Amino acid sequence: MIGINNTSGDTTTTTQKRRLNTLQNHFLSTPVNHLLQAFQNQTNINNNQHSQFTTATLSSSKNTNNNNKQLNDYIIKAKIHPDVLNALTQNNKSIVALESTIISHGMPYPKNIETAKRVEEEIRKQGAIPATICIIDGIIHIGINDEELDKFGKLGMEKKVMKCSRRDIALVCSQNGNGATTVSATMLLAHRFGIHVFVTGGIGGVHRVLNTNEIDPMDISSDLTELGRTPVCVVSAGVKSILDIPRTLEYLETQGVTVASYQTDEFPAFFTSKSGSKAHCRLDSPMDCAKLISSNLQLGLNSGMLIAVPIPEKLEAKAAPLTKAIEQALEEAKMKDIKGKEVTPFLLQRINELTGGDSLRANIELILNNARVGGQIAVQLNYIQQLQQNQIKLSNELFQNKSLLTSIYDTTTNHYNNDNYNDNNYYNNDDNNNDSSLFTKIGNYLFHKTHSNNNSSNHLQNNNLQNNNNQIIIIGGSVIDISCSPEKSKKLILKTSNPGTITQSYGGVARNVCHVLSKLFQSSLSTTNYSNKKDYNEKEDYNKIPIHFISAVGLDSFGISLKKHLENDLKIISKNVIEIKNNRTAIYNCLLDENGDLIAAISDMYILMNDLFTKHVQIKLLDIYNSILNNTLQNSLQENLQLNKLKRVLIFLDSNTSVEALETINQLYTIHNNKNNKNNTKNGSHLDLEIFVDPTSVIKSKQVVLAKILDKITFIKPNEHEIYSIVECFTGKKFNHLNINLNNHLNNNNNEMVTIDDCFEILLKQAKVKHVLLTQGPKGLIHATLNNQNKMIKRQYDALPIRKDKCEIYHNVNGCGDNFSGGFLFGRFHNYSIHESIQFGLRASRLALESSKSVNDYLSFSLLLND
C-alpha cells in the first residue's frame, strides 16, 4: 500500500488518518486523482517545495512510535512534482508522461540530461506538464526536478540503475533501489496516476531471428503486452528499426491495440519514416488523436493505443548505412551472447558508433518531435475532458434538482409534466420497456433542452452559466470609429484627395472588448434569439451577459446611438455608461493605406479625461465590486458553501481614462485583500482578482505608471513601442523610441543597449507586474512571467496567417488587439489556462484581421474552438 505524508510536519488529525488509511489500500487500483483531491482538501501542501507523499507515518516525528517507524520500511513511497500534483488535483492542465530508461541507459552523460530537459521544455511549450517517471532510492517519482534529474543521470552512468519493466517495479521499490522505467513500467505508473498520454522514442517489439536455421525464439518485449492491458496512449516514432516490425504489428493486433500512423499511411521505423509496413489507421491532427483516446477511455477497453509519429524527413538517418549498421550490431550482439533487456541498449549504442553519431542525433530529434506532437495531443484531450466534466455537472444538476426531475417525469403517470412534449415523439411507451423508460425520457429531455429554440430551452444551460459566477468589469472608451481607405490596389497619395471608402462603426478599446465578449458569450450559451425584440426581457436577459461596462458618451447623436447599440446588440446593461452634457462622444478617425495598414489617426478622447467621468469610475467600480462580492457571500452563506460560487473577478482597463480614475484600482485592491483575509480566516475561501491593462498608445501607456498600479496588474498587453514608454516612465530614463532595430535593441543617448528582455525584467521584477503579453504585430506575441525561483520565463506565440479566401475586400488591422483581449478574457472567465486563453485571443485576432470591421460578424465560440 502507498500512504501520504504532509511534508510541512503538521500533526494530522484523526479524521485525516482515518481517511488516508482507508484510501491508501486502494492507491494503485483506483483513479489516483480522486485520492489526491481528497488529500488536498484535508491537508495544506506547500507547492513551493517538491511535494513528497510518503507512507503511513502521518503524525509529526515527535509523536511517531516504533511501530510506525517499522511500518514505514514496508510501505511503497511515491513523490509527485508540484506541477504534476497541481494538474492532477485541479484538473486544469494536460500531463504527458515520460520514461526514464533513455536517461540512464539510452544516451551518454551529460547528453542524456540535456536531452531530457529539452524534451520537457518542448512539452511545456505546447501547454502541457511533463512528468518524467522513475524510481530513486525505492521511491516512485512522478515528475522530477533538475537536481533529481542530474542525480539519476549520473547513477545511470555509474551502472547503479536497474532497467524496470512491469515485473521489476515491486522488486526495486522493496529493495530501495534505483529504477529506470521502460515503456511498460511507465505506462503502468502513468495509468495508476491518472495520466493518459505518454511520449517515448520508440517502443520495443518482436526481436529479429538472427539465423534462419535457429528455432524462432519469439523474444517479445513486455511493451507489447502492456499495450494490450493498460489504457494509455503511447506517442512514439513507431517501433525501433532493430526489431521485426511486421511481426510486432501482428502481435499488437492480437493484443487489441489500436495502431495509428500520424499524418502518414506507412508505419515509421524509428530512425526512418518508412518501414514498408502499413499502419492500421491514419490520424492527421492532435484533435483526432485526442478523440481516439477519449473514446477508448469511455468504452473502458482497458487496452492501450500507439500513435506512430514519423521522424521529420530532413532529420532522418539515411536508410542504407543505417540498415548495414543494424545488421552488424545484431551480429555482434549474437557473438557476445547479449540477451534479454540488455540487447536494446547495446544495439543503440553500437549503431550510434557505427553511424558516426548520426543515429544519436536522429534519436534526439525524433524524441523532440514526439514530445511536440504528444504535448499537443494531451492539450486537446484535456479540452475534451473539460467538456465532458461540464456535461457531468449538468447531469448532476438535473438529478439533484427534485423539482426539475418532477417536471421531467411523473412516476404515477409515466408521462412528462410539460405540455410541449409528445410522448410518442420521444419514446416508445411499450410496457416491456418500463425499466429503461425513465433514462430514455431524461435523455430526451436533456436533448430537447439543449437543442430546442423555444424560450424554455435554455434552463439547464443558463443554470450552468450561473454556476460559473465569475464576473467581468470593463472600464474605458465607447467610441465612434471612422476609417478612410483608398480604392483597392491603388496606392495612397499623401497631400491630395484620394478616391476610396469611408466607413463608420462602433469602436473604442473597451467597447470592442465588450463586443467580442458579448458575441462569444451569446454563441457559447445558445441563448434566446435576441434579434426578435418581443422575445427580449430586459430584467431577465441582461443577466445572461456577465459584463459590467463603465464608460462615457456625450449627449449627442453618436452617444444615443452607442447606448442603444450596447443594449440591443451587445445585451449589456448601459446604466453604468454616463451621459455627460456639453461633451462630444469620443471619435477615432484613422487613415489606412492600400494594404489596410495604419498611416495615421486622430483620436478625440477628451470626454474620458473629464472630471465627471473620473468620479463616475471611482464610484461605480467600487460599487460594482462590493455588490458582486456581497451577493456572492450572501449566496454562499445561504447554501452553506465556501466562495466556490465566485472564483474570479476580471477587470479590464484601457489607458484612455485619467490617472485619477486608474488610481481607484489601489483602493479596490485594498478592499479585495481585506475581504480575502477575512474570508480565509473564517472558512478558507479565496477570491481571485485579475486586472488586465491595455496601454492603448505610447502616450497613454504612461498612465498606469503615474497611477502607481503596476504592482496590482495581472496582465499588461503593450506593443514594442509602448513597453519602452512604460519602462522609461517607471525608471525615469529617457530613451530614443525610434531606434528599435530587428534585434529588439534600443539605443539611448549614451549608446546603452536596452533590450526587450531588459524591459520584461524591469516590469516583472521591479514593477511587480505578474504577466507581460507583448504584441509584435505579424510576428505574434511573447508571454513573459516569473517562475517559482523568480527567474523570467517567456514563450513566443506566432501570429496565425490570414486566409485570403476568408478576407473581406477592405480588411484591415483595426481592432486586432482588442479582439485578442476579448478572446483572452473569455478564456480566463471560463477558467482556461493562460496558454489556452492566448490561443483564443490569437484566433479572435485573425478573424478581426480578415474583416473590414473592428469585430468580425462571424466571430463565435465554436469558431474559436475549431479555427
Side-chain angles (χ1 to χ4, degrees), residues 477 479-509 511-512 515-516 558 586-605 656 694-701 717-725 736-747 774-781 797-821 841-859 867:
V479 181
I480 295 295
D481 280 346
I482 300 175
S483 299
C484 309
S485 306
E487 287 184 353
K488 197 68 176 174
S489 74
K490 289 191 176 182
K491 190 174 181 63
L492 179 70
I493 303 174
L494 299 179
K495 298 184 179 182
T496 187
S497 175
N498 290 262
T501 302
I502 299 175
T503 59
Q504 177 182 310
S505 60
Y506 301 112
V509 173
R511 191 224 64 91
N512 287 347
H515 195 167
V516 173
F558 283 156
I587 297 176
Y588 174 83
N589 194 343
C590 65
L591 176 63
L592 308 174
D593 66 13
E594 62 276 8
N595 298 316
D597 294 325
L598 181 67
I599 297 297
I602 300 293
S603 59
D604 177 0
M605 305 286 172
N656 285 311
D694 188 327
T696 69
S697 70
V698 170
I699 295 174
K700 295 291 186 181
S701 63
K717 186 182 71 67
N719 62 27
E720 291 179 335
H721 294 276
E722 291 162 356
I723 192 171
Y724 282 111
S725 176
N736 179 1
H737 293 281
L738 299 178
N739 289 339
I740 301 176
N741 63 28
L742 294 177
N743 294 320
N744 292 333
H745 290 129
L746 187 70
N747 287 310
L774 180 72
T775 60
Q776 299 179 296
K779 291 188 292 184
L781 174 142
Y797 290 83
D798 294 332
L800 299 177
I802 297 176
R803 299 157 295 190
K804 293 183 179 180
D805 59 319
K806 296 183 181 294
C807 287
E808 298 178 19
I809 296 177
Y810 295 104
H811 66 94
N812 56 67
V813 299
N814 192 20
C816 177
D818 305 337
N819 277 260
F820 173 86
S821 300
L842 291 173
R843 293 172 185 177
S845 294
R846 173 162 68 177
L847 288 169
L849 285 171
E850 294 169 346
S851 173
S852 61
K853 299 179 181 179
S854 57
V855 179
N856 196 312
D857 289 335
Y858 297 103
L859 175 66
D867 190 22

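One is the number of the first residue; the rest follow in order along the sequence. From a predicted model like this one, the values you see are computed outputs, not experimental measurements.
- Closest non-hydrogen pair, Val855 versus Val516, comes out as CG2-CG2, 3.9 Å.
- Remark: Thr496 pairs with Ile493, Asn498 by the side chain to side chain contact (heavy atoms under 4.5 Å, CB included) rule, at least two apart or across chains.
- Annotation for Glu722 and Val698: closest pair CG-N, 3.8 Å, computed over non-hydrogen atoms.
- Side chain of Asn856 to backbone of Leu847: a donor-acceptor contact under 3.5 angstrom is found.
- Around the CD1 atom of Ile699, the shell of radius 6.0 Å holds no more than 12 heavy atoms that belong to other residues, nucleotides or ligands.
- Between Val479 and Tyr588, the shortest heavy-atom contact is CG1-N, 3.4 Å.
- Summarising the geometry, atom OG belonging to Ser603 is positioned 7.5 Å from atom NZ belonging to Lys700; distances are rounded to the nearest 0.5 Å.
- Looking only at side-chain heavy atoms (C-beta outward), His721 and Ser697 stay at 4.5 Å or farther from each other.
- Between Asp481 atom CG and Cys590 atom SG the span is 6.5 Å, to the nearest 0.5 Å.
- Remark: Ile723 CD1 to Gln776 CD distance equals 9.5 Å, nearest 0.5 Å.
- Between the CG atom in Leu800 and the CG atom in Leu842 there is a gap of 5.5 Å [rounded to 0.5 Å].
- Residues Leu859 and Asn819 have side chains in contact (heavy-atom distance under 4.5 Å, counting atoms from C-beta outward).
- Scanning all heavy atoms of the two residues, the minimum distance from Ile587 to Met605 falls at O-CE, 4.2 Å.
- Here the CG-OH distance, from Asn512 to Tyr506, works out to 13.0 Å after rounding to the nearest 0.5 Å.
- Every residue two or more places apart in sequence or in another chain that forms a side-chain hydrogen bond (donor to acceptor under 3.5 Å, both in side chains) with Asp604 is listed here: Arg584.
- Judged as a ring pair (Phe, Tyr, Trp, His ring centres under 6.0 Å), and not counting sequence neighbours, Phe558 has no contacts.
- Partners of Thr775 by side chain to side chain contact (heavy atoms under 4.5 Å, CB included), not counting sequence neighbours, listed by chain and number: Lys717, Asn719, Leu781.
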Item to check | Test log, rule side chain to side chain contact (heavy atoms under 4.5 Å, CB included), inputs Asn589 and Cys484 | outcome: CA-CA 8 Å; Asn589 194 343; Cys484 309; 3.8 Å; yes

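- Within the 4.5 Å cutoff, the side chain of Leu592 has no heavy atoms near those of the Ile599 side chain.
- In this structure, the separation between OG on Ser483 and CG on Leu591 is 9.5 Å, given to the nearest 0.5 Å.
- Counting all heavy atoms, side chain and backbone alike, Ala799 lies closest to Pro778 at CB-O, 3.5 Å.
- Evaluation of the salt bridge (charged side-chain N to carboxylate O under 4.0 Å, His left out) rule for Asp818 yields no partner, not counting sequence neighbours.
- Put simply, the side chain of Glu487 never gets that close to the backbone of Gly500: no donor and acceptor are under 3.5 Å apart.
- Under the side-chain hydrogen bond (donor to acceptor under 3.5 Å, both in side chains) criterion, Ser701 pairs with Ser725, sequence neighbours left out.
- Contact between Glu594 and Lys491 at its shortest, heavy atoms only, is OE1-CA, 3.6 Å.
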